[in-house]
Amino acid sequence: MPDRFAQKLLTWYDQHGRHDLPWHHNQNAYRVWVSEIMLQQTQVATVIPYFEAFMARFPDVQALASAPVDDVLSHWSGLGYYARARNIHKAARQVVEEFGGEFPEDQEQLESLTGIGRSTAAAIIAQAFGKRAAILDGNVKRVLARYHAIPGWPGQTKVLKQLWQHAEEHTPDERVRDYTQAIMDLGAMVCTRSRPDCQACPVQPGCTAYAAGETGLYPGSKPKKEKPEKTTWMLILEDREGRILLERRPPSGIWGGLWSLPELDPAYGTEELQEACQQKLGLDCAEPELIAGFRHTFSHYHLHIQPARLTVTGQSSVADSDNQRWLHRDQALTAGLPAPIRTLLTQPEQNALL
DNA sequence: AAAACGTGGTT
DNA sequence: TAACCAAGTTT
């Protein structure tokens with residue numbers, strides 16, 4: 001029995017879907033891949049300018065593979081989830097070395113590439129190769145959770161398994177490319193998180209949640225947890241030439257691999273800052289000047305950032321290396337900084353804690 | 001299995 | 001103001 005779900009969706013898509021997003025033009029596996037990675041947990045409007053700039057700088061997988069990772073990171077600066085940038089660079093090299101520069105069309109081989117999971121692999125297969133594969137992103141989860149009234153939070157394995165099951169069932173053999181885009185568009189434009197426009201929905205007649213008047217119950221919400229509060233010193237170390245010291249952050253953890261300001265343990269008191277700079281960095285500094293601290297909220301904790309400005313008085317004993325660089329402000333801003341650090345350096349007053 | 005991983009928009 | 005969360009994957 002043919003699945004009417006897909007047919008109705010496709011008819012709706014022809015009239016109302018989004019047909020000209022940047023990655024729909026000159027569509028190939030590389031462009032689909034880059035867009036899919038950028039779009040992970042990131043809204044379309046946010047991605048568009050990043051996608052355009054990224055494509056201009058890295059037009060194909062060879063260009064990306066042969067670029068320095070710092071170039072990739074700087075193009076990712078402000079997008080968040082920087083593991084994606086490290087992974088996309090690594091995966092580009094995998095494609096060149098293990099697959100001769102051509103993306104494999106096989107789901108399992110695609111998933112062997114760093115940063116490509118089940119849904120992203122399926123998106124590439126469907127969008128770039130036009131072959132049947134089921135995706136399950138946030139939009140599809142919402143549509144299917146409502147259509148089939150699946151209780152529970154999709155983060156639970158049991159719920160996720162059911163959703164994948166339905167995603168597979170609904171995916172048609174024909175027009176997979178359009179279907180994949182259609183179901184995401186439906187979730188983004190009609191079956192929205194709040195106030196879904198059920199009157200405009202092509203699959204409303206079969207929707208279990210709508211029939212019960214309970215679209216608001218699906219998908220189940222994530223259990224909430226307390227966000228821990230953390231604190232750190234952020235040092236704006238300025239030498240006699242007006243340059244600022246940047247440090248590369250560790251490859252894992254928050255802002256992994258990005259350039260940022262040197263941090264110091266919050267256990268140090270204000271009066272111990274000078275000494276700590278001498279001990280940990282070998283830098284002689286004048287009295288620290290505290291500037292407006294602020295709280296930055298991540299998805300899983302709050303971070304109190306307390307910036308301190310210190311002028312380096314002696315000869316700088318820190319030479320440029322792979323992990324430390326002295327840069328003038330303008331250069332520093334092009335280095336690929338985390339968004340809050342960029343704000344701190346450009347408009348420190350904006351963060352002021354009241 | 002659950003936590004980690006960012007930022008900006010929406011409510 | 002702050003919770004909630006978006007074209008998820010990795011550990």
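Below, chain A is the first sequence line, B the second, and so on; all start at residue 1. Here the structure is a predicted model, which means the values were calculated and not measured.
In this structure, Ser299(A) does not reach the dG6(B) phosphate: none of its side-chain N or O atoms is under 4.0 Å from OP1 or OP2. Contact annotation: Lys222(A) does not reach the phosphate of dC4(C) (side-chain N/O to OP1 or OP2, under 4.0 Å). Taking 4.0 angstrom as the limit, Tyr82(A) places a side-chain polar atom (N or O) nearer than this to OP1 or OP2 of dT7(B). Residue Gln43(A) has no polar side-chain atom (N or O) positioned under 4.0 Å from OP1 or OP2 of dG8(B). His300(A) has a side-chain polar atom (N or O) that falls below the 4.0 Å cut-off from OP1 or OP2 of dC5(B). For dG6(B), neither phosphate oxygen OP1 nor OP2 lies less than 4.0 angstrom from any side-chain nitrogen or oxygen of Trp76(A).
Checking Gln156(A) against His296(A), the closest nucleotide of DNA chain B that is more toward the 5' end is the one next to Gln156(A). When each of Ser35(A) and Glu111(A) is assigned the nucleotide of DNA chain C bearing its nearest heavy atom, the one mapping closer to the 5' terminus is Ser35(A).
Rounding to whole angstrom units, CG of residue Asp137(A) and C1' of dG8(C) are separated by 9 Å. What separates CD of Gln41(A) from P of dC4(C) is a distance of 16 Å, to the nearest Å. As a whole-Å value, the separation of Leu160(A) CG from dT10(C) P is 14 Å. Note: NZ (Lys225(A)) to C1' (dC4(C)) measures 16 Å, nearest angstrom. Rounded to whole Å, atom C1' of dA7(C) lies 5 Å from atom CG of Leu39(A). Remark: C1' of dT7(B) and CG of Leu258(A) are 13 Å apart, rounded to the nearest angstrom. Between Lys141(A) atom NZ and dA7(C) atom P the separation is 10 Å, expressed in whole Å. For the pair Arg86(A) CZ and dG8(C) P, the computed distance is 19 Å after rounding to whole Å.
Rounded to the nearest Å, the gap between the P atom of dG8(B) and that of dT9(C) is 23 Å. Straight-line distance between the P atoms of dA3(B) and dC5(C): roughly 16 Å, to the nearest whole Å. Look at the C1' atom in both dA1(B) and dT11(C): the space between them is 11 Å, to the nearest Å. Comparing the same atom, C1', in dG6(B) and in dA6(C) gives a spacing of 12 Å after rounding to whole Å.
With dC5(C), dT11(B), dA7(C) as the candidates, the nucleotide lying closest to the side chain of Arg142(A) is dA7(C). Minimum atom distance to the side chain of Thr157(A) is reached by dA1(B), of the listed dA7(C), dA1(B), dC4(C). Set against dA3(C), dA7(C), dC5(B), the side chain of Tyr301(A) has dC5(B) as its closest nucleotide. Closest approach to the Arg193(A) side chain among dC5(B), dA7(C), dC5(C) is made by dC5(C) (side chain taken as heavy atoms from C-beta onward). Comparing dA3(C), dG8(C), dG6(B) by their closest approach to the side chain of Thr120(A) singles out dG8(C). Side-chain proximity of Asn87(A) to dA7(C), dC5(B), dT10(C): nearest is dT10(C).
Counting any heavy atom pair closer than 4.0 Å across all strands shown, Gly78(A) reaches sugar-phosphate atoms only and no base atom. Residue contacts shown for Gly155(A) are absent, as no nucleic acid heavy atom lies under 4.0 Å away. Using a 4.0 Å heavy-atom distance criterion, Ile116(A) is classed as a sugar-phosphate-only contact. Among the heavy atoms of the strands lying under 4.0 Å from Ser119(A) are primed sugar atoms or P, OP1, OP2 only; no base atom is included. Residue contacts for Trp23(A): at a heavy-atom cut-off of 4.0 Å it reaches a base atom on one of the strands shown. Counting non-hydrogen atoms under 4.0 angstrom, Thr114(A) reaches the backbone sugars and phosphates but no base. Here Leu21(A) lies in heavy-atom contact (under 4.0 Å) with a base.
Applying the salt bridge (charged side-chain N to carboxylate O under 4.0 Å, His left out) test to Glu275(A) and every residue at least two apart in sequence or in another chain returns nothing.
Between the side chain of His328(A) and the backbone N or O of Glu241(A) there is at least one donor-acceptor pair closer than 3.5 Å. Judged purely by atom type and a 3.5 angstrom limit, Gln274(A) uses its side chain to pair as donor or acceptor with the backbone of Cys285(A).
For Thr42(A) against dG6(B), a side-chain-to-base donor-acceptor contact under 3.5 Å is present. A donor-acceptor contact under 3.5 Å is formed by the side chain of Arg18(A) with the base of dA7(C).
Here the two rings, on Trp23(A) and Phe51(A), have centers that are under 6.0 Å apart. For His148(A) and His170(A), the distance between ring centers is under 6.0 angstrom.
One side chain, Arg84(A) or Thr42(A), offers a donor N or O that lies under 3.5 Å from an acceptor on the other.
Of the charged side-chain nitrogens involved, none lies within less than 4.0 Å of a carboxylate oxygen, so that Arg146(A) and Glu214(A) do not count as a salt-bridged pair.
The side-chain contact (heavy atoms from CB on, under 4.5 Å) test with Ile244(A) is passed by exactly one of Asp239(A), Leu235(A), Leu261(A), Leu327(A): Leu261(A).
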